[in-house]
K.L.:
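For reference, the structure I am asking about is given below.
Residue numbers run from 1 in the order of the sequence given.
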Amino acid sequence: MKVEQVTEPIAYHGEGPVWSEAWGGLRWLDMLAGDVLSLAADGTVTRRHIDTVVAAVRPRRRGGAVIGVTRGFALEDTDGKVTPLDSLWSDERVRMNEGGCDPDGRFYCGSMAYDDRPGAGSLHRLDPDGSTTTVLDGVTISNGLEWSPAGDRAYYVDTATERIDVFDYDRAGGLSGRRPFAAAPGGPGGSPDGLTVDAEGGVWVALYGGGSVRRYAPDGTLDEVVELPVTKVTACTFGGPELDRLFITTSREHLAPGAEPRAGALFTCVPGVRGVPVREFAG
């Protein structure tokens with residue numbers, strides 16, 4: 001599958017791509033710079049600083065966005081004003097990392113320690129009324145989270161486990177029945193990072209250190225690999241007016257100067273399947 005480079009290597013640690021017609025197309029993150037990047041139809045990119053870290057972003061049903069920031073959540077209004085909510089913890093050694101919205105309009109974001117300390121992270125949920133809940137403890141590197149097209153299953157990555165897990169989901173019970181879905185190659189083959197789900201129920205997982213995105217069929221079997229010209233592949237999402245393009249973010253974190261000159265660029269390909277519209281925060 002042919003991969004095209006969309007931008008110059010403008011991000012240090014590109015992450016969290018999301019396509020929404022509500023905000024005019026693609027947004028993604030330069031996570032450790034705390035910036036949200038936006039891709040215009042003419043290919044130009046704008047950058048907006050939000051916080052020390054910006055971990056995840058999703059559209060709000062009323063307009064604007066919900067954002068995972070360094071140690072909690074923030075809300076962007078339709079006029080662009082960003083209002084941070086109360087911090088969820090005080091430990092400056094722990095930061096937010098990645099997240100997503102469930103079918104009922106609740107926003108989740110997970111955390112990790114800067115030094116990857118085992119078990120230091122958690123998965124947190126922001127409800128539309130502003131209340132927060134810790135839904136999962138003992139996480140090491142909380143990463144990709146996305147729901148199946150029917151909304152009855154959720155796929156989740158704690159990178160340290162070297163696998164993708166699946167939960168059952170319903171509004172009342174939330175996430176339950178966690179179990180392994182697919183194993184990532186690990187080692188030089190790459191560790192699981194961000195993920196997205198297509199309209200056929202396939203799960204596309206970025207492999208950090210592995211230079212690829214892998215698609216797993218709904219039964220967990222590997223059925224496609226997209227190779228990239230950089231090793232640190234971080235996340236992916238479907239976008240474009242028909243949701244038929246896969247946008248892929250990359251990183252140059254910890255690379256030696258001059259190594260992998262395309263690392264940090266945004267890439268795209270046309271995989272032959274379509275995505276599902278992004279789920280929005282109801283608050």
K.L.:
Keeping Asp115 on the side-chain end and Arg117 on the backbone end, is there a donor-acceptor pair under 3.5 Å?
P.N.:
yes
K.L.:
Of the non-hydrogen atoms in Trp23 and Ala65, which two are nearest, and what is the gap between them?
P.N.:
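What the structure gives for the nearest pair is CZ3-CB, 3.8 Å.
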K.L.:
Roughly how far, to the nearest 0.5 Å, is the CH2 atom of Trp28 from the CG atom of Leu37?
P.N.:
5.0 Å
K.L.:
Check this for me, if you would: do Asp51 and Arg71 make a salt bridge, where the nitrogen-to-carboxylate-oxygen distance has to be below 4.0 angstrom?
P.N.:
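Not counted as a salt bridge, because no side-chain N and carboxylate O are separated by less than 4.0 Å.
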K.L.:
Test Tyr108 against every option in Phe73, Phe167, Trp147 by the ring-ring contact (aromatic ring centres under 6.0 Å, His included) rule and name the one that passes.
P.N.:
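Of Phe73, Phe167, Trp147, ring-ring contact (aromatic ring centres under 6.0 Å, His included) with Tyr108 is met by Trp147 alone.
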K.L.:
Ignoring hydrogens and angles, tell me if any N or O in the side chain of Ser20 forms a donor-acceptor pair with the backbone of Ala22 under 3.5 Å.
P.N.:
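A pair under 3.5 Å: yes.
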K.L.:
Counting only N and O atoms by type, is there a donor-acceptor contact under 3.5 Å from the side chain of Asp168 to the main-chain atoms of Arg153?
P.N.:
no
K.L.:
Taking CG in Asp129 as the centre, count heavy atoms belonging to other residues, nucleotides or ligands within less than 6.0 Å. Is the count above 12?
P.N.:
yes
K.L.:
For the pair Asp198 and Arg215, find out whether any cationic side-chain nitrogen is under 4.0 Å from an anionic carboxylate oxygen.
P.N.:
yes
K.L.:
Search all heavy atoms of Ala184 against all heavy atoms of Gly190 and return the closest pair with its distance.
P.N.:
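Heavy atoms of Ala184 and Gly190 come nearest at CB-O, 4.3 Å.
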K.L.:
Between Arg58 (side chain only) and Val278 (backbone N and O only), is there a donor and an acceptor less than 3.5 Å apart?
P.N.:
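Side chain of Arg58 to backbone of Val278: no pair is present.
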K.L.:
Quick one: does NZ or CZ of Arg95 land under 6.0 Å from the six-membered ring centre of Tyr114, within 45 degrees of the ring axis?
P.N.:
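Positive - Arg95 is close enough to the ring of Tyr114 and near enough to its axis.
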K.L.:
Using every non-hydrogen atom in the two residues, find where Gly121 and Ser111 come nearest and quote the distance to one decimal.
P.N.:
CA-OG, 3.3 Å
K.L.:
Please confirm whether the backbone N or O of Tyr156 pairs with a side-chain atom of Arg178, one donor and one acceptor, at under 3.5 Å?
P.N.:
no
K.L.:
List the steps, then state whether side chain to side chain donor-acceptor pair (under 3.5 Å) holds for Thr234 with Thr249.
P.N.:
CA-CA 6 Å; Thr234 54; Thr249 54; 2.7 Å; yes
K.L.:
Quick one: does Ser212's side chain have a donor or acceptor within less than 3.5 Å of a partner on Val225's backbone?
P.N.:
no
K.L.:
Does the Asp102 side chain pair with the main chain of Gly105, one donor and one acceptor, at a distance under 3.5 Å?
P.N.:
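The answer is yes, because a donor-acceptor pair under 3.5 Å joins these two groups.
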K.L.:
Starting at CD of Glu260, measure out to CZ of Arg252 and round the result to the nearest 0.5 Å.
P.N.:
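Rounded to the nearest 0.5 Å, the CD-CZ separation comes out at 11.5 Å.
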K.L.:
Closer than 3.5 angstrom, by distance alone: can the side chain of Thr231 be matched with the main-chain N or O of Gly211 as a donor-acceptor pair?
P.N.:
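Not at all, since once roles are kept as given, no pair shorter than 3.5 Å links the two residues.
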K.L.:
Minimum heavy-atom separation for Arg61 to Ala282, with atom names?
P.N.:
NH1-CB, 3.6 Å
K.L.:
Any chance you could measure Asn97, atom CG, to Asp158, atom CG, to the nearest 0.5 Å?
P.N.:
10.0 Å
K.L.:
Got a salt bridge between Arg279 and Glu146, using NZ or NE/NH1/NH2 to carboxylate O under 4.0 Å?
P.N.:
yes
K.L.:
Would the distance check show the side chain of Ser38 and the main-chain N or O of Thr46 forming a donor-acceptor pair, the cut-off being under 3.5 Å?
P.N.:
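Side chain of Ser38 to backbone of Thr46: no pair is present.
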K.L.:
When rounded to the nearest 0.5 angstrom, what is the spacing between CG in Leu75 and CG in Leu126?
P.N.:
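One gets 6.5 Å once the value is rounded to the nearest 0.5 Å.
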K.L.:
Which pair of non-hydrogen atoms, one from Arg60 and one from Val66, has the smallest distance, and what is that distance?
P.N.:
CG-N, 3.7 Å
K.L.:
Can you tell me how far the CG atom of Leu195 sits from the CD1 atom of Ile164, to the nearest 0.5 Å?
P.N.:
7.5 Å
K.L.:
Side chain to side chain donor-acceptor pair (under 3.5 Å) for Ser191 and Glu162? Distances and angles first, verdict last.
P.N.:
CA-CA 6 Å; Ser191 297; Glu162 300 289 3; 3.0 Å; yes
K.L.:
Is the CD atom of Glu227 crowded by more than 12 outside heavy atoms at less than 6.0 Å?
P.N.:
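Enclosed.
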K.L.:
Kindly give the heavy-atom pair with the smallest separation between Cys236 and Thr196, and that separation in Å.
P.N.:
O-CB, 3.4 Å
K.L.:
Which residue in the set Val157, Val166, Asp165, Asp219 passes side-chain contact (heavy atoms from CB on, under 4.5 Å) when paired with Phe181?
P.N.:
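Exactly one candidate clears the test, Val166.
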K.L.:
Any salt bridge between Asp79 and Lys81, counting N to O under 4.0 Å?
P.N.:
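No.
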K.L.:
Ignoring hydrogens and angles, state whether a donor on the side chain of Tyr169 or Asp104 is under 3.5 Å from an acceptor on the partner side chain.
P.N.:
yes
K.L.:
Determine whether a donor-acceptor pair (N or O, by modelled atom type, separation under 3.5 Å) exists between the side chain of Thr134 and the backbone of His124.
P.N.:
no
